[in-house]
Number of protein chains: 2
Amino acid sequence: MPVTIRDVAAASGVSIGTVSRALNDYPDVSTVTRERVRAAAAELGYVPNQSAQFLSSKRLTSIALIISGFLEDKVFNDFDIMLTRGAFQFATEHDVPISLHVTNSREQAERSLDQLCFEHNVSGAIVFGLRTDDPYCESLSRSTTPCVTVDVPVPGERVGSVVLDDCAAASEMTDYLVSCGHRRIAVVHGSRTAVVSVERMEGIVRSLRSHGIELRDEDVIYTNFTHEEAFEKVGAYLDAHPEPRVTAFLCMSDLLALGTIQAIQRRGLSVPEDFSVTGYDGISLAGFVSPAITTVDQNVQTKGYEAARLLCDMISGRREACRVVLPHSLRKGGSVRKISR
Amino acid sequence: MPVTIRDVAAASGVSIGTVSRALNDYPDVSTVTRERVRAAAAELGYVPNQSAQFLSSKRLTSIALIISGFLEDKVFNDFDIMLTRGAFQFATEHDVPISLHVTNSREQAERSLDQLCFEHNVSGAIVFGLRTDDPYCESLSRSTTPCVTVDVPVPGERVGSVVLDDCAAASEMTDYLVSCGHRRIAVVHGSRTAVVSVERMEGIVRSLRSHGIELRDEDVIYTNFTHEEAFEKVGAYLDAHPEPRVTAFLCMSDLLALGTIQAIQRRGLSVPEDFSVTGYDGISLAGFVSPAITTVDQNVQTKGYEAARLLCDMISGRREACRVVLPHSLRKGGSVRKISR
DNA sequence: TTGAAAGCGCTAACAA
DNA sequence: TTGTTAGCGCTTTCAA
């Protein structure tokens, strides 16, 4: 039989109201009583029932992490787990109850964020896994519950976002390649339509231009962000140009970089001796393969952490909904080498 | 303002009791009323508040997934995410509310499973991330709340477990290597004390013996399950034996196999031409590197799925607490080759 | 077939 | 400083 507040009250000889006040550190309880109640609670192993707390309290702030498409098959889900870790870490450190909810587009269509939050008694949510063209975005922007989207900025009075400056990051990576002496660079592109790809491309082109380098159309290799496609398309590119046109492949994700490296190695060439290769994302895989992939670390765990922080700040009114741009970092591996010009 | 059952009652002109019965498919509601209530609920966008349901209902069963050490730094967390996916998948498919809780040893010491379950109104839990020598195991075995442990069997009236037959799996892997013509095999060992390692070693030795092969002490390379250690120790082993003693390395995890492959490649040798290498676990990484690692797929997602199933069965009384042994599978990559004897 | 009402365990406003 | 009590939103008797 579970121990309720009533048991603690009986054991310490006070009323349930006093127990509640004592345990919640209200000021108007005598030290003696507080101690007695605490002792009794500890003795009995009392833990308050969260549902009851949620139900009766107006001020309790618990948050939710909503991951869209979590259950769909994905080849790689470093992102989901790192983001979850970051958010849970913040919540744990700050004693904020947090819950994880997985959704899909069907569910999102029939249940608004407001509804979901009411259903689970949460006062705000972090929304992850949205795609830019997701119909849920529009629904979110009308939400009255505070929320924070990750990666995809969504307009709305109560909607904050945590994003990366993809353009700047891609630009930096390009600068780095150029500083290593690379002037003929191929780009392994993620997707013609995805916003991240467009942003990254913008950054690449901007950097190249600033160095007086032009990117030729035939040196842009389009994929759909899959490892296999990179392997095949880069392979075809290499076969089409036995006399190497470029010295480096700048890839829009680590998985693409991996496919690229494998295509190169399959042809008896090596990285970074024959070609330098860079990635983007900073998934753990990038550090495990050899050579380790030089990449833009998105710091996904930090993203989760900061998303939780922003949300909690919004809920408590300490901060307005806003767009937070997180720092990225260049992680150097062995996949790039300096070349003499 | 959130929509409550009272709003639905008012809108459909019945009492809240009737709304509850109509929406929960009780038989004693007239079809007309039921439809009217449903329509009103849909119209208003009503969703029941879970906390209130939990609090008032005796029969509602929700489950929890408790991950121990989730927030601790781990190089690789494929397991956490796959297990979570499996459990959430089962719960979603069977309409069982599920929640994720992360704990650590400190928290486990001060809060028993019973307490945690009462706190969150759950009727049972899947416990993942336990180590064999974890003091929490003992606490679990006295638990009155039904629970299912993953990987680590724990005795107890109300404790079920979902495990792999590590001995058999390792045995199969060894059989496979032998069937490919390998008779001189080195073992890259995980940890002298971990139960999984002991089990796997048992399987390996048993298989070898059945083929009349003896494993020499100097061909067992001990590590602590880290990638770096495998890289170094296998490297040292290779350096110590320029005239190869063995044709294959049987590793106790995929990460060890990766380190082993890199040590081999670093010396200008190649896999599988010079040495065959096998892993264990079936993490996604194993499929991405080249050559893809031949490994024992633990089917972690299935583990999560089956753990949830067992737990729900135990809660509803359909099944007793028991130990479920899940099937593993050999996943063949390019890291092993057949050799002529 | 329905409505009224008693809780589930807790917080918070109000009295004392 | 404390006890009493009215809910929070829901389910589930018990009557009608």
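All chains are named by letter (A, B, ...) in the order of the sequence lines, taking the proteins before the strands, and each is independently numbered beginning at 1. Values below: every heavy atom of this structure, side chains too, minus hydrogens, waters and symmetry copies.
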Measuring to OP1 and OP2 of C:dT11, would you say a side-chain N or O of A:Ser57 lies under 4.0 angstrom away? no

Neighbour count >12 (heavy atoms, 6.0 Å) for atom CD, B:Glu72: yes

By nearest-heavy-atom nucleotide on DNA chain C, the more 5' of A:Ser20 and B:Ala52 is B:Ala52

May I have the distance from A:Ile16 (atom CD1) to C:dC8 (atom P), rounded to whole angstrom? 11 Å

Regarding the side chain of A:Leu55, the nearest nucleotide among C:dT2, C:dG3, C:dG9 is C:dG9

Considering only side-chain heavy atoms of A:Ser30, which listed nucleotide, C:dG3, D:dT1, D:dG9, is closest? D:dT1

Given C:dG7, C:dT2, D:dT2, the nucleotide with the shortest approach to the side chain of B:Val29: C:dT2

Side-chain contact test, heavy atoms from C-beta onward, threshold under 4.5 Å: evaluate it for B:His101 versus B:Ile67 and give yes or no. no

When you measure from the side chain of A:Asp114 to the backbone N and O of A:Thr145, does any donor-acceptor pair fall under 3.5 Å? yes

Rounding to a whole Å, what distance do you find between A:Arg21:CZ and D:dG3:C1'? 7 Å

Sugar-phosphate only, base, or nothing, as touched by B:Asn49 at under 4.0 Å among non-hydrogen atoms: sugar-phosphate

Among C:dT11, C:dT1, D:dG9, which nucleotide sits nearest the side chain of B:Asp28? C:dT1

Applying a 4.0 Å non-hydrogen cut-off, can you work out what B:Arg59 is touching in the nucleic acid: base, sugar-phosphate, or nothing? sugar-phosphate

Measure from CG on A:Asn24 to P on C:dA12 and round the result to the nearest Å. 7 Å

A:Met314 backbone acceptor or donor facing A:Arg319 side chain under 3.5 Å: no

So, OP1 or OP2 of C:dA13: does either fall under 4.0 Å of a side-chain N or O from A:Tyr26? no

May I ask you to test the B:Phe128-B:Asp151 pair for a side-chain heavy-atom distance under 4.5 Å? yes

For C:dT11, does either OP1 or OP2 sit under 4.0 Å from a side-chain N or O belonging to A:Gln53? yes

Round to the nearest Å and state the distance from A:Ile5 atom CD1 to D:dC8 atom C1'. 15 Å

Classify A:Thr33 by what it touches in the nucleic acid, base, sugar-phosphate, or nothing, heavy-atom distance under 4.0 Å. sugar-phosphate

